[in-house]
Amino acid sequence: MGYDHMLTEFEKLCVLRCLRVDRITVAITRFVVKVMAERYVQPPVVYFSSIYRQSTASTPIVFVLSPGADPAFDVFKLGEDMGFKPGAKLKYMALGQGMGPKAAEFIEMGVTRGLWIMLQNCHLLPKWLKTLEKILEKIHRPHPDFRLWLTTEPTETFPLGVLQRSLKVVTEPPNGLKLNMRQSYSKITEEVLTECQHPAFRPLVYVLAFFHAVVQERRKYGKLGWNVAYDFNETDFRISMALISTYLTKAYVNQDETIPWGTLRYLIGEAMYGGRVSDSFDRRILTTYLDEYMGDFLFDTFQPFSFYQQKDVNISVPPTGPREMYVQAIDSLPLVQTPEIFGLHSNADISYYTNATKAIWADLMDLQPRTGSVGAGVSREDFIAGVARDIQSKIPARFDLPLLKKEIGVPSPTQVVLIQELERWNKLLGVMSQSLRDLQRALVGDIGFSSALEELSTSLFNGKLPAMWARLNPATEKPLGSWMLWFQRRYRQYKDWAENGEPKVMWLSGLHIPETYIAALVQAACRDKGWPLDRSTLYTKVTKYTEASQVPEKPKYGCYVSGLYLEGAGWDHVHSHLTRQDPKVLVTELPILQIVPIEANKLKLANTFRAPVYVTQARRNAMGVGLVFEADLASQEHPSHWVLQGVALVQNTD
């Protein structure tokens, strides 16, 4: 229709914003290239010799790290080339609790004797960084050979005085499977490969490089990739390669044809890479990769192994040969890879780009001016006051808990959960009502604006859930409008439960702490049947029901739950089992799930996948918060397929 010629580059962005949100980040990159230049979107190449030439004895070099980047080996290599051998004239240490005095001693030694000092992970010792600033201020005539190298993750606690006087370097790992493997092999020489004479060593180094690239690149897919963004780096790769060399050399010397796969998988998956992994489901992904990549099947001549195979692409392991053969295999890899190489569905790209776009919009909203008009004659203050009045009109009356407790008498385990839920609900209503009244008084000038009221007004203006309310709520990522609908639905379920008894289908997302309700179900069954509580568990089965109205009655033990969404897979409603996602369908609502208490020794399941159930799509954080329980989902595929797809159930979508 000629829009390509009719519209300006910025107008094309606006049209794309309406039609394909997931393509905005790519479009913004192209916009910058066309309007400005390509150099503004290309990461610069870091030359460490150039960094050294720009530095002086009085100018520290600060490396701002991104996940997966580790400049230490490059600094060590530069030091060896310039006569500053690590451990001799290049002193280095990783900072941690109680390491401050030792680091100060190193700096004093380096200043007087002309050494290179490298302090790693400065963000882990934020209190001592103020001392570091004072130490640097007192240095007036350092030895001309002295250099101070610092590495830190982005942190607000890093002293501004140190940053202002230092040379800042941002290091990023290579983007993409091909570039990542190329970087790994750029530091592997033919001499390194000849250290081990075992014929399986060279192919296994290639497999390890592929595995290293995969676990790093999987991080870009957010929570679908890893629950926690781990800092896998070159150290993990080098030590794992040394482990493979040690065990294969031992097998070669002893003329043992058996490769100790179990030992290698354990040391690499549980000790080296796994040592960084804090989440049990992330560890399951890591060990699944190693089970898929390491075994005698690598050298099966009748059925050649491939990491990934499609009609146009076949990524396989080259046979034993010179280093150049493996470099050529890496160069033949596609520059842009599909998520399916990592075991993910192709929809993962849509999810990744959509989340990146949402982050851009959130930053743009925060950059909006806090004064001026919103629309035709509506000031910011009037807009906020209107939103506050609208929300206040929708806040229901609190529940009369003393009366409810009197009606219940001696509560059952699930009734105890109801009372606890309503106590939290009443507290939330009190804070919402009081904060909205105070905000409206502050807007007309009756009282002053506190920092809490300022944050509340900004959140209402930007359509976000205020932090003071979020602290009293179950975790959610919903914007304010969607959250209010969710808030009203929660009230209706609580009201129905208090007046008519436990619902036959529980909307699990509406509970503040659903774990306590599920535990109460098991406890109630144990009381009635005389089971020991510590030897009882639960299992789940997905029903054919899609609406609560279809359920005839509440089960005597356990319950039916609704409101669960399947991420990373689809659901076959006809045969009731997991299936691959449909294109462009990122989340599928699961039919009503039945939770059944059972004695642990009687539970025997086959052809099922154990899927974690999380509160939100943010899944579980580094502190382990966010997991509710694990659900058993019927499957005709091997569990490893769904593990790598990142399959999980969530109670709330965005």
Side-chain angles (χ1 to χ4, degrees), residues 22 67-68 177 211 213-230 232 269 273-274 276-293 307-308 337-356 358 475 477 542 564-572 577-590 608-622 624-654:
D22 58 297
L177 195 74
F211 166 75
V214 163
V215 296
Q216 282 198 322
E217 290 301 309
R218 190 180 172 95
R219 186 173 50 228
K220 87 173 193 179
Y221 297 103
K223 296 294 183 175
L224 205 59
W226 302 106
N227 281 344
V228 181
Y230 301 106
F232 301 121
Y273 286 85
R276 298 183 184 274
V277 177
S278 56
D279 186 276
S280 59
F281 294 105
D282 287 344
R283 189 179 298 276
R284 184 169 71 168
I285 292 172
L286 198 68
T287 54
T288 300
Y289 273 131
L290 288 168
D291 288 340
E292 296 287 325
Y293 291 171
F307 293 110
Y308 174 75
Q337 66 280 338
T338 168
E340 292 175 337
I341 292 179
F342 311 114
L344 294 163
H345 193 276
S346 56
N347 284 347
D349 258 346
I350 299 175
S351 179
Y352 162 64
Y353 286 122
T354 302
N355 290 335
K358 286 179 181 177
E477 295 184 308
V542 182
L564 297 179
Y565 297 88
L566 191 58
E567 234 188 349
W571 186 258
D572 187 330
H577 62 70
L578 289 168
T579 184
R580 284 180 63 83
Q581 282 182 324
D582 293 327
K584 300 181 183 177
V585 179
L586 305 181
V587 176
T588 304
E589 186 168 4
L590 196 72
T608 57
F609 172 69
R610 195 90 168 147
V613 180
Y614 298 109
V615 178
T616 69
Q617 286 180 284
R619 301 200 175 189
R620 185 159 66 172
N621 62 18
V625 178
L627 180 70
V628 183
F629 68 103
E630 292 178 56
D632 305 295
L633 303 178
S635 168
Q636 292 185 338
E637 300 273 0
H638 191 275
S640 63
H641 174 76
W642 305 117
V643 168
L644 298 185
Q645 295 259 305
V647 173
L649 289 167
V650 295
Q651 292 182 177
N652 297 293
T653 58
D654 296 348

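The figures here come from the full heavy-atom set of this structure, side chains too, leaving out hydrogens, waters and symmetry mates. Start at 1 with the first residue, then count along the sequence.
Taken to the nearest 0.5 Å, the OH atom of Tyr273 stands 7.5 Å off from the CD atom of Gln216. Expressed to the nearest 0.5 Å, how far OG1 of Thr288 lies from CG of Leu644 amounts to 5.5 Å. Note that CG of Asp22 and CG of Asp349 are 9.0 Å apart. Values are rounded to the nearest 0.5 Å. If you take CG on Leu566 and CG on Leu633, they are separated by 6.5 Å, rounding to the nearest 0.5 Å. Between the CG atom of Leu564 and the OH atom of Tyr614 there is a distance of 14.0 Å, given to the nearest 0.5 Å. Interatomic distance, CD1 of Ile285 versus OG of Ser280, reported as 10.0 Å (0.5 Å rounding).
Gln617 and Glu477 share no side-chain donor-acceptor pair at under 3.5 Å. Residues Tyr565 and Asn652 bring no donor and acceptor atom of their side chains to less than 3.5 Å of each other.
Remark: the backbone N or O of Phe342 is paired with a side-chain donor or acceptor of Arg218 at under 3.5 angstrom.
Under the 30°/60° scheme for interplanar angles, the aromatic rings of Phe211 and Tyr289 are found to stand perpendicular. Under the 30°/60° scheme for interplanar angles, the aromatic rings of Trp226 and Tyr230 are found to stand perpendicular.
Within the 4.5 Å cutoff, no side-chain heavy atoms of Val613 are placed close to those of Val650. Side-chain contact check for Ile341 versus Leu177: some heavy-atom pair is nearer than 4.5 Å. Asn347 places none of its side-chain heavy atoms less than 4.5 Å from the side chain of Tyr352. Put simply, the side chain of Glu637 does not reach to within 4.5 Å of the side chain of Gln645, judged on heavy atoms. In this structure, Val215 and Leu286 have side chains that are in contact, with non-hydrogen atoms separated by less than 4.5 Å. Looking at heavy atoms from C-beta onward, Asn355 lies out of side-chain contact with Tyr221 at the 4.5 angstrom threshold. The shortest distance between side-chain heavy atoms of Phe281 and Val643 does not fall below 4.5 Å. Using a 4.5 Å heavy-atom cutoff, the side chains of Tyr308 and Gln337 are not in contact.
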Exercise for review: Might you work through the salt bridge (Lys or Arg N to Asp or Glu O under 4.0 Å) test for Arg580 and Glu340, ending with a clear yes or no?
Suggested key: CA-CA 12 Å; Arg580 284 180 63 83; Glu340 292 175 337; 3.6 Å; yes
Check your understanding: Which is it for Glu292 and Ser640 under the side-chain hydrogen bond (donor to acceptor under 3.5 Å, both in side chains) test, yes or no, and what are the steps along the way?
Key -> CA-CA 9 Å; Glu292 296 287 325; Ser640 63; 3.3 Å; yes
Exercise for review: Report the C-alpha separation of Tyr293 and Val214 in whole Å, then their side-chain angles, then the decisive distance to 0.1 Å, and conclude whether the side chain to side chain contact (heavy atoms under 4.5 Å, CB included) test is met.
Suggested key: CA-CA 11 Å; Tyr293 291 171; Val214 163; 4.0 Å; yes
Practice item. Apply the test side chain to side chain contact (heavy atoms under 4.5 Å, CB included) to residues Trp571 and Val542: give CA-CA distance (whole Å), side-chain angles for both, the deciding distance (0.1 Å), then the verdict. Key: CA-CA 10 Å; Trp571 186 258; Val542 182; 3.5 Å; yes
Review point. Does the pair Leu649 and Glu567 meet the rule for a side chain to side chain contact (heavy atoms under 4.5 Å, CB included), with working shown?
Key: CA-CA 6 Å; Leu649 289 167; Glu567 234 188 349; over 6 Å; no
Review point. Do Trp642 and Ser635 pass the side-chain hydrogen bond (donor to acceptor under 3.5 Å, both in side chains) test, and can you show the C-alpha distance, the side-chain angles, and the key distance before you say yes or no?
Key: CA-CA 9 Å; Trp642 305 117; Ser635 168; 2.7 Å; yes
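Leu290 and Gly269 make their closest contact through CD1-CA, 3.2 Å (heavy atoms, listed as atom of the first residue, atom of the second, distance). The two atoms that bring Arg276 and Phe232 nearest to each other are CD-CD2, 3.9 Å, heavy atoms only. Nearest heavy atoms, Asp282 versus Val228: OD2-N, 3.2 Å. For Asp582 against His345, the heavy-atom pair with the smallest separation is O-CE1, 4.5 Å. Among all heavy-atom pairs drawn from Lys223 and Arg620, the shortest one is NZ-O, 3.6 Å. Residues Leu224 and Ala348 come closest through the heavy atom pair CD2-CB, 3.8 Å.
Residue Gln636 places its CD atom among 12 or fewer non-hydrogen atoms of other residues, nucleotides or ligands, all under 6.0 Å distant.
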